[in-house]
Amino acid sequence: MNAMIPPSPWLLEHSPYLPQTGCILDLACGRGRHLRWLADCFRQRIDGGFLTFLGVDRDADALASLVGLPGIETLCCDLEGTSWPLAGRQFAAVIVSRYLWRPRFTELLALLAPGGILLYETFMEGHARHGRPSSPDFLLRPGELRQRCQAAGLRELAFVEGYVEQPRPAMRQAIVARRPPE
């Protein structure tokens, strides 16, 4: 587990929604704080071949710390480039924390397989007074995450927005949503 930044309390609270089989994608995973925690929690599912994880980030040095960990694969790529590196792929769950790139939001939601779970948490308007990011390009508007998920046909399971004190003061928005089964 990343000693510097613990897993998100939102992920910890809502991890029971995550599937027991398939591949779980951690998009813009950095050093893999969530992947490490999930791999520890789901060790038996990984060892049994039922569950795998894919960590994607553009920082090769950050991903290097995940190489060789059981059940975790990595992909170093630019999520904000002209081509979408995950085109045509689907996952049992997609986790996103502290990342927003609106031009790819539709493609991000398309990564969810039927019945797949989205667990997304990032900063929203008003966060600038607490630190970075401060650009509106990287801050959700009120209700934006909920609206985008509804427009994509996802069923909301949990949603929250506003000020949080822990792990450090922030304005954030978070959702757990499910793509309907086929």
Side-chain angles (χ1 to χ4, degrees), residues 1-2 5-58 62-63 65-67 69-77 79 84-102 104-123 140 144-161 172-182:
M1 189 178 324
N2 187 334
I5 303 173
S8 158
W10 179 257
L11 173 76
L12 298 176
E13 179 182 350
H14 295 90
S15 62
Y17 284 111
L18 293 173
Q20 297 290 307
T21 60
C23 184
I24 296 176
L25 170 66
D26 189 348
L27 199 65
C29 70
R31 296 195 177 281
R33 66 189 174 124
H34 295 127
L35 290 172
R36 293 167 192 278
W37 183 81
L38 288 167
D40 286 343
C41 290
F42 288 103
R43 179 67 52 216
Q44 289 180 328
R45 305 299 301 168
I46 292 169
D47 292 345
F50 299 107
L51 191 62
T52 60
F53 297 95
L54 175 62
V56 176
D57 202 281
R58 68 180 178 189
L63 290 174
S65 69
L66 296 168
V67 172
L69 295 178
I72 298 176
E73 293 183 26
T74 61
L75 174 62
C76 185
C77 61
L79 297 170
W84 182 235
L86 299 168
R89 298 196 59 186
Q90 289 197 315
F91 298 89
V94 176
I95 297 169
V96 184
S97 180
R98 298 181 178 185
Y99 179 76
L100 175 64
W101 184 247
R102 285 185 183 93
R104 291 286 186 205
F105 214 94
T106 300
E107 288 94 339
L108 183 154
L109 295 178
L111 294 172
L112 287 173
I117 293 290
L118 174 69
L119 209 151
Y120 200 126
E121 175 184 37
T122 197
F123 304 106
L140 290 165
E144 182 178 356
L145 200 49
R146 172 180 266 165
Q147 293 163 357
R148 287 180 176 271
C149 288
Q150 286 173 349
L154 303 184
R155 184 173 151 254
E156 182 181 306
L157 304 173
F159 177 81
V160 67
E161 70 178 5
R172 61 97 189 235
Q173 204 170 119
I175 197 165
V176 179
R178 181 186 311 275
R179 177 169 307 288
E182 286 183 326

Enquirer: In Å, rounded to the nearest 0.5 Å, how long is the span from CG of Leu108 to CG of Leu86?
Expert: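 Taking CG in Leu108 and CG in Leu86, the distance rounds to 9.0 Å.
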Enquirer: From Trp84 CH2 over to Leu111 CG, what is the distance, rounded to the nearest 0.5 angstrom?
Expert: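 If I round to the nearest 0.5 Å, the distance is 5.5 Å.
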Enquirer: Side chains of Arg36 and Ser65: do they bring a donor and an acceptor to under 3.5 Å?
Expert: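 The criterion, which ignores hydrogens and geometry beyond distance, is satisfied for Ser65 and Arg36.
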Enquirer: What verdict does the side chain to side chain contact (heavy atoms under 4.5 Å, CB included) test give for Leu119 and Tyr17, after you've listed the backbone C-alpha separation in whole Å, the side-chain angles of each residue and the deciding distance to 0.1 Å?
Expert: CA-CA 9 Å; Leu119 209 151; Tyr17 284 111; 5.6 Å; no
Enquirer: Is it true that atom CZ of Phe159 has more than 12 heavy atoms of other residues, nucleotides or ligands lying nearer than 6.0 Å?
Expert: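 Yes, CZ of Phe159 has more than 12 neighbouring heavy atoms, counting only those of other groups under 6.0 Å.
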Enquirer: How about Leu18 and Leu38: do any of their side-chain heavy atoms sit closer than 4.5 Å?
Expert: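 Counting from C-beta outward, Leu18 and Leu38 do come under 4.5 Å.
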Enquirer: How long is the straight-line distance from CG of Leu145 back to OH of Tyr120, given to the nearest 0.5 Å?
Expert: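 CG of Leu145 is found 6.5 Å from OH of Tyr120.
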Enquirer: Might you point out which heavy atoms bring Trp37 and Ser15 nearest each other, and give the distance in Å?
Expert: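 Closest approach of Trp37 to Ser15, heavy atoms only: CH2-OG, 3.5 Å.
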Enquirer: Indicate yes or no for a side-chain donor-acceptor contact from Arg179 to the backbone of Gly116 under 3.5 Å, with no hydrogens or angles considered.
Expert: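 No, Arg179 side chain to Gly116 backbone: no donor-acceptor pair under 3.5 Å.
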Enquirer: Can you name the closest pair of heavy atoms from Leu35 and Gly55 and give their distance?
Expert: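 Shortest heavy-atom separation between Leu35 and Gly55 comes out as CD1-CA, 3.5 Å.
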Enquirer: Between Glu144 and Arg102, does any side-chain N to carboxylate O distance fall below 4.0 Å?
Expert: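 Arg102 and Glu144: salt-bridged.
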Enquirer: Flag the pair Cys77 / Val56 as yes when at least one side-chain heavy-atom distance between them is below 4.5 Å, and no otherwise.
Expert: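 They are in side-chain contact.
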Enquirer: Examine distances only and state if a side-chain atom of Arg45 and a backbone atom of Phe50 form a donor-acceptor pair shorter than 3.5 Å.
Expert: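 No, Arg45 side chain to Phe50 backbone: no donor-acceptor pair under 3.5 Å.
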Enquirer: Got Arg172 and Leu140 here, is their nearest side-chain heavy-atom distance under 4.5 Å?
Expert: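 They are not in contact (no side-chain heavy atoms under 4.5 Å apart), so the answer is no.
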Enquirer: Can you tell me how far CZ of Arg58 sits from CG of Leu75, rounded to the nearest 0.5 angstrom?
Expert: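 Answer rounded to 0.5 Å: 14.0 Å.
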Enquirer: Which pair of heavy atoms, one from Leu79 and one from Pro85, lies closest together, and at what distance?
Expert: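 The answer is CD2-CG, 4.2 Å.
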Enquirer: State, to 0.1 Å, how close Gly71 and Ile46 come at their nearest heavy-atom pair, and which atoms those are.
Expert: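 Scanning both residues completely, I find the closest heavy atoms to be CA-CG2, 3.5 Å.
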Enquirer: Over 60° means perpendicular and under 30° means parallel, so tell me whether His14 and Trp10 are parallel, tilted or perpendicular.
Expert: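 Taking Trp10 first and then His14, their aromatic rings sit tilted (interplane angle of 30° to 60°).
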Enquirer: Looking at Gly22 and Ala92, what are the two nearest heavy atoms and their distance?
Expert: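 That closest heavy-atom pairing would be CA-CB, 4.1 Å.
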Enquirer: I'd like to know if Glu156 and Arg146 make a salt bridge, using a cut-off of under 4.0 Å between side-chain N and carboxylate O.
Expert: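 Between Arg146 and Glu156 there is a salt bridge, with a charged N closer than 4.0 Å to a carboxylate O.
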Enquirer: Shortest non-hydrogen contact from Pro19 to Leu51?
Expert: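 Minimum heavy-atom contact is O-CD1, 4.0 Å.
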Enquirer: Does Leu66 reach the side chain of Glu73, with side-chain heavy atoms less than 4.5 Å apart?
Expert: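 A side-chain contact under 4.5 Å is absent here.
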Enquirer: Once rounded to the nearest 0.5 Å, what's the spacing between atom CZ of Phe42 and atom OG1 of Thr21?
Expert: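 Going from the CZ atom of Phe42 to the OG1 atom of Thr21 covers 10.5 Å.
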Enquirer: With a 4.5 Å limit on heavy-atom distance, are the side chains of Ile95 and Ile24 in contact?
Expert: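 In contact.
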Enquirer: Would you mind reporting whether Leu157 and Ile117 have side-chain heavy atoms less than 4.5 Å apart?
Expert: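 Yes, side chains in contact.
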Enquirer: Do Phe53 and Thr74 touch side chain to side chain, with heavy atoms closer than 4.5 Å?
Expert: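 No - every pair of side-chain heavy atoms lies 4.5 Å or more apart.
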Enquirer: Test side chain to side chain contact (heavy atoms under 4.5 Å, CB included) on Gln90 and Leu112; report intermediate values, then the result.
Expert: CA-CA 5 Å; Gln90 289 197 315; Leu112 287 173; over 6 Å; no
Enquirer: One thing to verify: whether Glu121 and Arg98 come together as a salt bridge, which I'm taking to mean a side-chain N less than 4.0 angstrom from a carboxylate O.
Expert: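 Salt bridge between Arg98 and Glu121, a charged N being under 4.0 Å from a carboxylate O: no.
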Enquirer: A side-chain contact here means heavy atoms from C-beta on lying under 4.5 Å apart; do Leu11 and Ser97 qualify?
Expert: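 Side chain of Leu11 against side chain of Ser97, heavy atoms only: no contact under 4.5 Å found.
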Enquirer: Tell me if the aromatic rings of Phe123 and Tyr99 count as close, with their centers under 6.0 Å from one another.
Expert: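 So the answer is no for these two rings.
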